[in-house]
Asks: 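Here it is: the structure, laid out below.
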Number of protein chains: 2
Amino acid sequence: MATDDLMTRVLETLGDDGPLSVEAIHRLTDLADVPESMMITEVADLLDISPHTLRYYERAGLVEVPRDSNGHRVYDAPAIRRLVFLTRMRLSGMPMRDLQHYTSLVDAGAHTEPERLDMLIEHRDTIRRRLRELTLSLAAVEYKIATYGGSTGPDVPTLNTTDPALRHEPPRRALPPV
Amino acid sequence: MATDDLMTRVLETLGDDGPLSVEAIHRLTDLADVPESMMITEVADLLDISPHTLRYYERAGLVEVPRDSNGHRVYDAPAIRRLVFLTRMRLSGMPMRDLQHYTSLVDAGAHTEPERLDMLIEHRDTIRRRLRELTLSLAAVEYKIATYGGSTGPDVPTLNTTDPALRHEPPRRALPPV
DNA sequence: CATTGCGTTCGAGCGCGCTCAAAGCCATAA
DNA sequence: TTATGGCTTTGAGCGCGCTCGAACGCAATG
């Protein structure tokens, strides 16, 4: 099954660190077994956002949610799947604006698939750019930590006797796995 | 020299893509030869931010900038170095609030170095978390692109005949370098 | 000498993404 | 029966990081 393949690859990608990757794999894999229906706080807990935000997304036109006889939201499987997608995209930095456009395309029918794909590809490239930026920033910060001397520029190394960074964790290679 | 070492590692890290990495390496290395003094638009161009933002940073207390006889800002080397640092930290996601704290520590003297180092280390960890988040998001988006079918969830692949992603670029492995 | 252009200060405004307050409905527990 | 708790709607508010407008100063140019 495709999900197993994806999960395997994700596990390969993230070698270290417990909490985030566990949660993350959850996010990637829980689509297979989405509950029939959930109430708002359950969905909020699942997605790690607030009920406020869920209502906000609905008001913004990102998703339609059926109600029960009391007028309470009952999130069905399609709504939940869409919200999983939406929160994932938000987390990766896609603006509300774009998500509104994207979901309007989805609701417009299958003939909009090429445009949707374009959006995804553009967003993928945005994520890659951001990853490169962050990787570079990380290198700069690690360099500054390693050579720390107190100036606001990293090119004035002092304190070469004992490395203060070692107080926090054991030595590691300069560029992290990412 | 240490800067050469850093630059080498950065070059190793970023295999592809011209514009960003060139600019980025510039950002990492230009500290060695900071001009004696610059006017505001020159600094703005150097840092790729607006003069408005430079004035805003100064108003926020992040940096002090001397004036000439006309009251115009004359950025000296220390101011420029600090601004390089500040923009780098902003780009990596450090909030203004924290930068205000950090620079106040710098201005308070050498005895605040341990606390500054703590801030840098915490920020480094924040960057790492964000990198992991983004890497995961990237995997999800690439998976969705590869299996694109139009649903908002990635587990309903259709269109197995011709892969629309191929219209944009040749096939590649599912998980990108990064 | 007037215009153009780049700078100044100060305060206000904006875009984004939530986040919350107020007022009310309904169901279950004491 | 009252009270508690969780949901509803609507509109307003907020924190962040800029971004801009207005009114002005000074210097070089046509």
Asks: Flag the pair B:Ile145 / A:Leu117 as yes when at least one side-chain heavy-atom distance between them is below 4.5 Å, and no otherwise.
Replies: yes
Asks: Can B:Glu58 and B:Arg55 be counted as an ion pair, charged N to O under 4.0 angstrom?
Replies: no
Asks: Looking at D:dT8, C:dT8, C:dG17, which one has an atom nearest to any side-chain atom of A:Pro95?
Replies: C:dG17
Asks: Do the side-chain N or O atoms of A:Tyr57 get closer than 4.0 angstrom to the phosphate oxygens (OP1, OP2) of C:dG17?
Replies: no
Asks: Send over the distance from B:Arg59 CZ to C:dA12 P, rounded to a whole Å.
Replies: 11 Å
Asks: Using the side-chain heavy atoms of B:Tyr56, tell me which of these nucleotides is nearest: D:dG25, D:dG17, C:dG11.
Replies: D:dG17
Asks: Quickly work out the A:His52 NE2 to D:dG13 C1' distance and round it to whole Å.
Replies: 13 Å
Asks: Rounded to the Å, how far apart are A:Asp68 CG and C:dC26 P?
Replies: 11 Å
Asks: For A:Gln100 and C:dC18, what is the distance between atoms CD and P respectively, to the nearest whole Å?
Replies: 12 Å
Asks: Can you measure B:Leu47 atom CG to D:dC18 atom P for me and round it to whole angstrom units?
Replies: 12 Å
Asks: Would you find a donor on one side and an acceptor on the other, under 3.5 Å apart, between the side chain of B:Thr53 and the backbone of B:Ile49?
Replies: no
Asks: Using the side-chain heavy atoms of A:Arg90, tell me which of these nucleotides is nearest: C:dT8, D:dT9, C:dG17.
Replies: C:dG17
Asks: Less than 4.5 Å apart, side chain to side chain, heavy atoms only: is that true for B:Val74 and B:Val65?
Replies: no
Asks: Out of D:dT8, C:dG7, D:dG17, which nucleotide sits closest to the side chain of B:Thr41?
Replies: C:dG7
Asks: OP1 or OP2 of D:dC18 less than 4.0 angstrom from a side-chain nitrogen or oxygen of B:Ser50, does that happen here?
Replies: no
Asks: Between P on C:dT8 and CZ on B:Arg55, what's the gap in Å once rounded to a whole number?
Replies: 5 Å
Asks: Using only side-chain N and O atoms of A:Asn70, determine if any of them is under 4.0 Å from OP1 or OP2 of C:dA27.
Replies: yes
Asks: Distance check needed: D:dC7 C1' versus A:Asp45 CG, whole Å only.
Replies: 15 Å
Asks: By nearest atom, which of the nucleotides C:dC20, D:dC18, C:dC18 is closest to the A:Thr53 side chain?
Replies: C:dC18
Asks: Provide, to the nearest angstrom, the distance between the CD1 atom belonging to A:Ile49 and the P atom belonging to C:dT19.
Replies: 10 Å
Asks: Please step through salt bridge (charged side-chain N to carboxylate O under 4.0 Å, His left out) for the pair B:Arg130 and A:Glu133, ending with a clear verdict.
Replies: CA-CA 11 Å; B:Arg130 187 67 187 134; A:Glu133 279 179 8; over 6 Å; no
